[in-house]
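Got a structure for you, written out below as structure tokens; questions coming shortly.
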Amino acid sequence: GGGTAPSTTAGGTGAAGATAAASKDYKIVIVTNGSSPFWDACDRGLKDAGEKLGVRVELLRNDATEGGQIRRLEQLATQADVKGVGISVLESQASGVAEQMQALRKKGIKVITVDSDGPADAREAFVGTNNLEAGRELGRLAAQLRPEGGQAAAFVGFLGAQNAQERIAGFKEGLGDKISLVDSMEDQVNESKARNNVTAALQNHPQLNILAGIWSYNAPAIADVLTGNGRRKDFTVVAFDAEPNAIVAMEQGLIDVMVVQNPYEMGFQGVTLLHRMIQGDQAGVDELLKGSTVLDTGLRVVVPNAESKLESKYRQPLDAFRTWLTEKGLEGS
């Protein structure tokens with residue numbers, strides 16, 4: 001699958017025609033961690049970049065297992081037309097995926113990480129959110145909403161993923177002295193387990209008053225549980241990402257604030273960076289990376305409306321955020 005662009009018409013004259021034809025001869029692939037709607041926005045960015053650059057692109061959705069990522073990378077290694085690969089690494093310390101990344105690089109394939117980083121020596125660069133800063137911002141927002149303090153629980157797919165570790169560490173820091181993080185629970189990207197974890201946290205921690213969704217589907221899971229048990233008024237709900245269901249939940253007053261990443265840019269910039277690396281365009285690579293190995297795709301803090309008292313330099317009311325989504329043809333981010 002993937003958005004395969006039509007091949008260049010034969011007989012392109014001059015250097016420009018030759019370059020366009022050459023670009024079509026190879027493919028850039030981004031491998032996801034799981035298949036949540038978060039990746040739909042990345043797919044759109046990927047395809048827009050592919051169209052702009054005249055290169056074939058594909059988003060390969062993984063099944064939320066490390067074995068799945070290893071198998072997909074092994075398959076890509078056998079495809080002669082694959083010249084660039086981006087991957088959202090599921091478990092940062094797992095050596096199997098890193099070994100496959102190294103194997104691809106030995107074959108001359110350019111490899112970057114997208115959304116969640118892996119070992120620095122296994123990739124050329126990371127394209128995604130500054131997850132430590134994003135986590136801190138989520139913590140600071142929760143602290144603004146609960147000036148009297150309290151207890152927080154965080155919910156995520158895999159505690160071993162680099163983005164999860166950085167977000168939770170940042171969140172804990174941002175909460176400050178009055179709020180303690182009493183639990184961090186993982187659900188292996190299983191949505192019914194995600195809901196069960198919320199229910200269990202409420203039972204295990206009677207003093208809990210802040211619920212934090214760390215991966216994109218965690219916010220809708222929290223909203224579902226609080227709607228089901230009629231306890232929304234008892235909790236501050238802060239979350240990462242803005243899946244379509246989370247946007248609806250915020251409109252319904254079920255989510256207080258969302259720290260939103262930019263998966264569209266992860267796809268667009270990921271493909272652009274890999275394309276420049278493949279072409280040997282070092283000046284173009286330097287322009288994107290600015291001397292580092294990280295391309296930060298930025299943050300938004302989405303608040304329910306302009307009346308919200310929350311302060312953040314990344315702040316944007318929900319209606320303005322929706323306008324941006326519509327302009328990009330996106331359902332969520």
Side-chain angles (χ1 to χ4, degrees), residues 36-42 115-116 128-146 152-157 163-164 166-168 170-172 174-175 179 181 187 191 194-195 198 209-227 232 235-266 296-328 330-333:
S36 86
F38 174 85
W39 292 106
D40 299 346
C42 181
D115 169 59
S116 190
T129 308
N130 177 338
N131 284 298
L132 204 55
E133 169 60 17
R136 279 190 202 112
E137 192 65 15
L138 195 71
R140 291 191 284 256
L141 293 159
Q144 285 183 52
L145 288 159
R146 286 281 173 182
F155 306 93
V156 74
N163 62 1
E166 291 178 357
R167 283 176 205 175
I168 291 170
F171 179 60
K172 202 170 167 177
L175 287 171
I179 302 169
L181 180 62
D187 50 56
E191 294 191 20
R195 287 190 290 272
V198 177
N209 60 357
I210 298 163
L211 304 175
I214 302 296
W215 280 6
S216 64
Y217 57 86
N218 291 118
I222 293 167
D224 285 352
V225 172
L226 295 183
T227 305
R232 165 66 178 120
F235 297 96
T236 291
V237 180
V238 299
F240 259 87
D241 303 324
E243 282 200 357
N245 290 346
I247 292 171
V248 172
M250 178 173 266
E251 281 180 337
Q252 293 169 344
L254 298 169
I255 296 173
D256 295 303
V257 66
M258 299 187 288
V259 171
V260 180
Q261 306 179 85
N262 199 334
Y264 175 89
E265 281 296 311
M266 292 179 201
D296 184 350
T297 49
L299 290 180
R300 285 181 172 80
V301 165
V302 178
V303 295
N305 50 52
E307 284 70 60
S308 166
K309 298 276 188 285
L310 285 172
E311 289 174 20
S312 168
K313 62 180 172 183
Y314 309 109
R315 181 188 146 115
Q316 185 172 43
L318 183 59
D319 53 0
F321 173 61
R322 278 195 160 229
T323 304
W324 176 79
L325 288 176
T326 306
E327 282 166 9
K328 291 283 185 205
L330 301 174
E331 302 286 318
S333 182

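Given the structure is predicted, the values throughout are model-derived calculations rather than measurements.
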| said: Within the 4.5 Å heavy-atom criterion, are Asn305 and Val303 side-chain neighbours or not? | reply: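 Not in contact.
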
| Mind checking what makes side-chain hydrogen bond (donor to acceptor under 3.5 Å, both in side chains) contact with Ser308, not counting sequence neighbours? |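 None.
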
| Can you find a pair of side-chain heavy atoms, one from Thr236 and one from Leu211, that are under 4.5 Å apart? | no

| field | Interatomic distance, Glu311 atom CD to Leu141 atom CG [nearest 0.5 angstrom] | value |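 CG of Leu141 is found 10.5 Å from CD of Glu311.
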
| said: Let's go through Leu145 and Val238 carefully: what are the C-alpha distance in whole Å and the side-chain angles of both, what is the deciding distance for side chain to side chain contact (heavy atoms under 4.5 Å, CB included) to 0.1 Å, and is it a yes or a no? | reply: CA-CA 9 Å; Leu145 288 159; Val238 299; 4.0 Å; yes

| said: Working to the nearest 0.5 angstrom, can you tell me the gap between Ile168 CD1 and Asn131 CG? | reply: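 Atom-to-atom, Ile168:CD1 and Asn131:CG are 11.0 Å apart.
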
| Which residues pass the side-chain hydrogen bond (donor to acceptor under 3.5 Å, both in side chains) test with Arg136, sequence neighbours left out? | Glu173

| Which heavy-atom pair separates Val259 from Leu138 by the least distance, and what is that distance? |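 Val259 and Leu138 have their closest heavy atoms at CG2-CD1, 3.6 Å.
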
| Student check: side-chain heavy atoms of Met266 and Trp39 closer than 4.5 Å |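 A side-chain contact is absent here, since even the closest heavy-atom pair is not under 4.5 Å.
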
| field | For Ala219, side-chain contact (heavy atoms from CB on, under 4.5 Å) partners two or more places apart | value | Ala239, Ala246, Ile255

| request: Could you list all the salt bridge (charged side-chain N to carboxylate O under 4.0 Å, His left out) pairs where at least one residue sits in residues 256-266, not counting sequence neighbours? | output: Arg232-Asp256

| Where do Gly213 and Ile222 come nearest, in terms of heavy atoms and distance? |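 Heavy atoms only, the tightest pair is N-CD1, 3.7 Å.
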
| field | Set of residues satisfying salt bridge (Lys or Arg N to Asp or Glu O under 4.0 Å) with respect to Glu251, sequence neighbours excluded | value |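 Glu251: salt bridge (Lys or Arg N to Asp or Glu O under 4.0 Å) contacts with Arg322.
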
| Partners meeting side-chain hydrogen bond (donor to acceptor under 3.5 Å, both in side chains) with Arg300 (sequence neighbours left out) |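 Per chain and number, Arg300 pairs via side-chain hydrogen bond (donor to acceptor under 3.5 Å, both in side chains) with Gln316.
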
| query | With sequence neighbours left out, which residue pairs that include part of residues 211-227 fulfil the salt bridge (charged side-chain N to carboxylate O under 4.0 Å, His left out) condition? | reply |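 For residues 211-227, and leaving out neighbouring residues, the salt bridge (charged side-chain N to carboxylate O under 4.0 Å, His left out) pairs sorted by first residue read Arg195-Asp224.
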
| request: Could you pull out all residues at least two apart from Ala41 that satisfy side-chain contact (heavy atoms from CB on, under 4.5 Å)? | output: Pro263, Leu330

| field | Summary of side-chain hydrogen bond (donor to acceptor under 3.5 Å, both in side chains) pairs that have at least one residue in residues 212-223, sequence neighbours excluded | value |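 Counting only pairs at least two positions apart or across chains, the side-chain hydrogen bond (donor to acceptor under 3.5 Å, both in side chains) contacts touching residues 212-223 are Ser36-Ser216, Asn163-Trp215, Asp187-Tyr217, Asp187-Asn218, Ser216-Glu243.
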
| query | What do the steps show when you test Asn262 against Trp324 for side chain to side chain contact (heavy atoms under 4.5 Å, CB included), and what is the final call? | reply | CA-CA 11 Å; Asn262 199 334; Trp324 176 79; 3.7 Å; yes

| request: Could you list the residues that satisfy side-chain contact (heavy atoms from CB on, under 4.5 Å) with Ala152, not counting sequence neighbours? | output: Phe171, Leu175, Ile179, Leu181, Ile210

| query | Which heavy atom of Ile214 sits nearest a heavy atom of Phe240, and at what distance? | reply |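 Taking Ile214 first and Phe240 second, the nearest heavy atoms are O-CB, 3.2 Å.
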
| request: Look up atom CG in Leu299 and atom CZ in Arg315, then write down how far apart they are to the nearest 0.5 Å. | output: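 Here the interatomic distance stands at 15.5 Å.
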
| query | Who passes side-chain hydrogen bond (donor to acceptor under 3.5 Å, both in side chains) against Thr297, sequence neighbours left out? | reply |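 By the side-chain hydrogen bond (donor to acceptor under 3.5 Å, both in side chains) rule, Thr297 matches no residue at all.
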
| field | Gly332 to Leu325 - nearest heavy-atom pair and separation | value |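 Shortest heavy-atom contact: O-CD2, 3.6 Å.
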
| field | Between Ser333 and Gln261, a side-chain donor and acceptor under 3.5 Å | value | no

| request: Given side chain to side chain contact (heavy atoms under 4.5 Å, CB included), test Met258 with Val301 step by step and report yes or no. | output: CA-CA 6 Å; Met258 299 187 288; Val301 165; over 6 Å; no

| Closest approach of Val302 and Pro317, non-hydrogen atoms and distance? |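 Smallest interatomic distance, heavy atoms only, reads CG1-C, 4.5 Å.
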
| note | Heavy atoms of Ser312 and Glu137 approach each other most closely as OG-OE2, 2.6 Å

| Stepwise, does the side chain to side chain contact (heavy atoms under 4.5 Å, CB included) test hold for Val237 with Leu226? | CA-CA 10 Å; Val237 180; Leu226 295 183; 3.6 Å; yes

